Amino acid sequence: MRHRVKGRRLGRTASHRKALGKNMCSSLFKYGRIETTLEKAKEYKPMAEKLITSAKVKDLHKFRNALSTLGDKAAVARLFDIGARMQDRPGGYTRIVKLGKRRLGDQGSRVFLELVDYAPAEADAQAER
């Protein structure tokens, strides 16, 4: 039984899961959308939501906390831009969009984890079709 056991292991060690979360969230903030599996998206969506909520107030303490969490200064700068854009939104900054085809190698589920105000470029829209 797994009563009160929080989180997914994702077949990785604790340090690998932490590094995966840092990389996925920083890529999400840099590019606005990432393609991943459903399990990873469900695991790291709350982490991204909490970072965006803290970035709504711009001060040095929150900047340093975000920098220690993400480890990438460019991603933190983009995070605070996103926080300014989402100022009037009470929550729900990201969404999970399921893709139809499964991954070729291992039949893993494919999803987009994206910001709600993400607008794909014309070339990106052509690639999806």
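These figures come from a predicted structure and were not determined experimentally.
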Value for CG (Leu79) from CE (Met86), rounded to nearest 0.5 Å, stands at 10.5 Å
same_hphob_cluster(Leu104, Leu99) at 4.5 Å side-chain heavy-atom cutoff: no
Looking at Lys30, Arg78, Lys22, which one forms a salt bridge (charged side-chain N to carboxylate O under 4.0 Å, His left out) with Asp72? Lys30
Which atom names give the shortest non-hydrogen contact between Ile96 and Leu113, and what distance separates them? CG1-CD1, 3.9 Å
Nearest-0.5 Å distance that lies between atom CG in Leu28 and atom CE in Met47: 10.5 Å
Selection residues 54-65 - residue pairs positive for side chain to side chain donor-acceptor pair (under 3.5 Å), sequence neighbours left out: Lys56-Tyr93, His61-Asn65
Tell me if a side-chain donor or acceptor on Arg103 pairs with a main-chain N or O of Asp106 at a distance below 3.5 Å. no
Between Val57 and Phe80, which heavy-atom pair has the shortest distance, and what is it? O-CE2, 3.8 Å
Heavy-atom pair with the smallest gap, counting every atom of Cys25 and Leu51: CB-CD1, 4.5 Å
Determine, for Glu43 against Arg8, whether the closest basic-nitrogen to carboxylate-oxygen distance falls under 4.0 angstrom. yes
Cation-pi check, Arg33 onto Tyr118 ring (under 6.0 Å, within 45° of axis): no
Nearest 0.5 Å please: distance from the OG1 atom of Thr37 over to the CZ atom of Arg110. 11.5 Å
Which pair of heavy atoms, one from Leu115 and one from Ile52, lies closest together, and at what distance? CD2-CD1, 3.9 Å
Can you see which heavy atom on Gly92 is nearest to which on Arg89, and at what distance? O-NE, 3.0 Å
In short, Ser109 meets Arg102 closest at the heavy-atom pair N-NH2, 3.8 Å
Would you kindly confirm whether Tyr44 and Val116 end up in one hydrophobic cluster when ILVMFWY residues are joined by side chain heavy atoms under 4.5 Å apart? yes
Taking the side chain as everything from C-beta on, heavy atoms only, tell me whether Val76 gets closer than 4.5 Å to Phe63. yes
Let me check something: any side-chain donor-acceptor pairs from residues 10-17 under 3.5 Å, sequence neighbours excluded? List them with distances.
{"residue": "Arg12", "atom": "NH1", "partner": "Leu10", "partner atom": "O", "Å": "2.7"}
{"residue": "Thr13", "atom": "OG1", "partner": "Ser15", "partner atom": "OG", "Å": "3.4"}
{"residue": "Thr13", "atom": "OG1", "partner": "His16", "partner atom": "N", "Å": "3.4"}
{"residue": "Arg17", "atom": "NH1", "partner": "Arg9", "partner atom": "O", "Å": "3.3"}
{"residue": "Arg17", "atom": "NH1", "partner": "Arg12", "partner atom": "O", "Å": "2.6"}

Interatomic distance, Glu35 atom CD to Lys40 atom NZ [nearest 0.5 angstrom]: 10.5 Å
Trace of the side-chain contact (heavy atoms from CB on, under 4.5 Å) decision for Phe29 with Leu70: CA-CA 10 Å; Phe29 300 140; Leu70 294 178; 3.8 Å; yes
Any donor and acceptor pair, going by atom type alone, linking the side chain of Glu49 with main-chain N or O of Thr94 inside 3.5 Å? yes
